[in-house]
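Structure first, then comments.
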Amino acid sequence: MRRVQFRKRAKQFLSLCLATVIFSAVTVYSHPSADETFFGETGKTVICIDAGHGGETDGAEYVYDGVLIKEKDINLKIAMKLQEELLKYENIEIVMTRTEDITMELRPRVQYAVDHNADYLISVHNNAPGNNDFTLNGCMVLTTVSHYQAPTAKLPNIYEVSEKLGLAVVEKLQLLGLNIGTDLGAQLNNGIVRRPYSPEGYAKTTSYYPDGSVSDYYALIRFGAEMGLPAIIIEHAYLSNALDYRTYLETEESIAALARADAEGIAQALGLKRKQEEAYIPLSVLPYRMPPSVPKAVQDGAQNYRILRLGY
């Protein structure tokens with residue numbers, strides 16, 4: 001009975017995702033130019049970077065080479081590198097919800113961002129299956145399902161800017177060889193996942209925003225919408241998938257590459273200008289070198305990685 005109910009809900013959720021794709025297909029979005037970049041009260045774009053989990057909350061956990069690898073630690077490494085990368089752009093101010101291994105609930109994270117005048121909240125995570133399917137792999141970005149605009153919102157369209165951020169980040173992560181994750185209908189929507197707080201999104205009940213629209217399943221995004229702050233969650237790779245881990249999460253080099261991809265995507269979506277401090281080659285031009293632990297066939301080129309991995 002439970003299996004039948006699960007399949008029914010899964011079918012409903014995928015139908016909802018497909019409907020979202022069809023709706024999005026008739027709406028044309030363009031990346032803002034540098035002149036359209038949103039600057040906050042300080043004259044700078046303030047981005048809050050949130051390293052997911054921390055302290056008593058480990059997130060996903062898997063053992064590799066006899067060592068317990070915790071998602072919270074990888075998230076923090078990526079977040080710190082992302083801060084470093086974003087500060088290479090003009091008129092940027094960065095605030096961090098955590099820079100060490102501390103416990104922090106979700107609502108206080110969003111409130112911290114609001115209290116520090118953040119214009120955007122970027123939450124750094126890595127994925128794990130809910131059904132022990134260790135073949136799942138790839139990246140996705142979770143964004144708001146609703147067009148709700150809180151009275152305190154600084155930006156005119158939180159839904160649209162969240163989508164722009166998500167699509168741009170997924171685009172850059174794919175340059176590293178990551179494919180779009182197959183879970184939660186991400187492939188149906190170019191790597192974007194919008195999960196409603198309703199039975200269609202696997203919630204037991206339905207929750208609504210003040211405007212009557214169905215609210216978001218993911219609490220961080222929901223709290224962000226309620227406080228008028230665009231919040232996205234980047235799921236970089238599957239810690240549960242050995243090849244994802246070896247390729248993208250195991251080394252400092254691969255973690256730095258993820259952070260750089262995030263930064264390039266955010267900069268593209270927000271129209272940020274890079275400081276002229278050093279010679280810079282974008283990821284689209286500079287091929288990503290995979291760590292030595294990745295099989296030789298895969299190292300031959302990130303461009304062929306998504307094809308090769310299917311037979312690995």
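Given the structure is predicted, the values throughout are model-derived calculations rather than measurements. In what follows, residues are counted from 1 in the order of the sequence shown. Hydrogens, waters and symmetry mates are skipped; everything else that's a heavy atom, side chains included, is used.
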Which pairs count as ring pair (Phe, Tyr, Trp, His ring centres under 6.0 Å) when at least one residue sits in residues 71-116, sequence neighbours excluded?
Tyr112-His116
Give the intermediate values and the outcome of salt bridge (charged side-chain N to carboxylate O under 4.0 Å, His left out) for residues Glu163 and Arg194.
CA-CA 10 Å; Glu163 180 178 65; Arg194 300 185 183 94; 2.5 Å; yes
Distance check, rounded to the nearest 0.5 Å: Ile255 atom CD1 versus Leu76 atom CG?
10.0 Å
Output the distance between atom CG (Asn137) and atom CG (Asn241), rounded to the nearest 0.5 Å.
5.0 Å
Okay, side chain of Asp50, backbone of Ile122: is any donor-acceptor separation there less than 3.5 Å?
no
Donor-acceptor contact present, side-chain Arg222 to main-chain Asp216, <3.5 Å:
yes
Other than Tyr148, what residues sit in its cluster of Ile, Leu, Val, Met, Phe, Trp and Tyr side chains whose heavy atoms are under 4.5 Å apart, directly or through others?
Tyr209
Who else is in the cluster with Tyr208 when I, L, V, M, F, W and Y are joined by side-chain contacts under 4.5 Å?
Val214
Pair Asp262 + Lys172: basic N to acidic O under 4.0 Å
no
Derivation and outcome, salt bridge (charged side-chain N to carboxylate O under 4.0 Å, His left out), residues Lys81 and Glu85
CA-CA 6 Å; Lys81 284 291 184 181; Glu85 288 293 328; over 6 Å; no
Is there a side-chain contact (heavy atoms from CB on, under 4.5 Å) between Val141 and Ile233 once you walk through the steps?
CA-CA 6 Å; Val141 176; Ile233 300 172; over 6 Å; no
Tyr64 and Tyr245 aromatic centres sub-6.0 Å:
yes
Note: Ile49 and Ala79 closest approach over all heavy atoms is CG2-CB, 3.7 Å
Judged by modelled atom types alone, do Asp73 and His53 share a side-chain donor-acceptor pair under 3.5 Å?
no
Exercise: do Tyr218 and Arg195 side chains pair donor with acceptor under 3.5 Å
yes
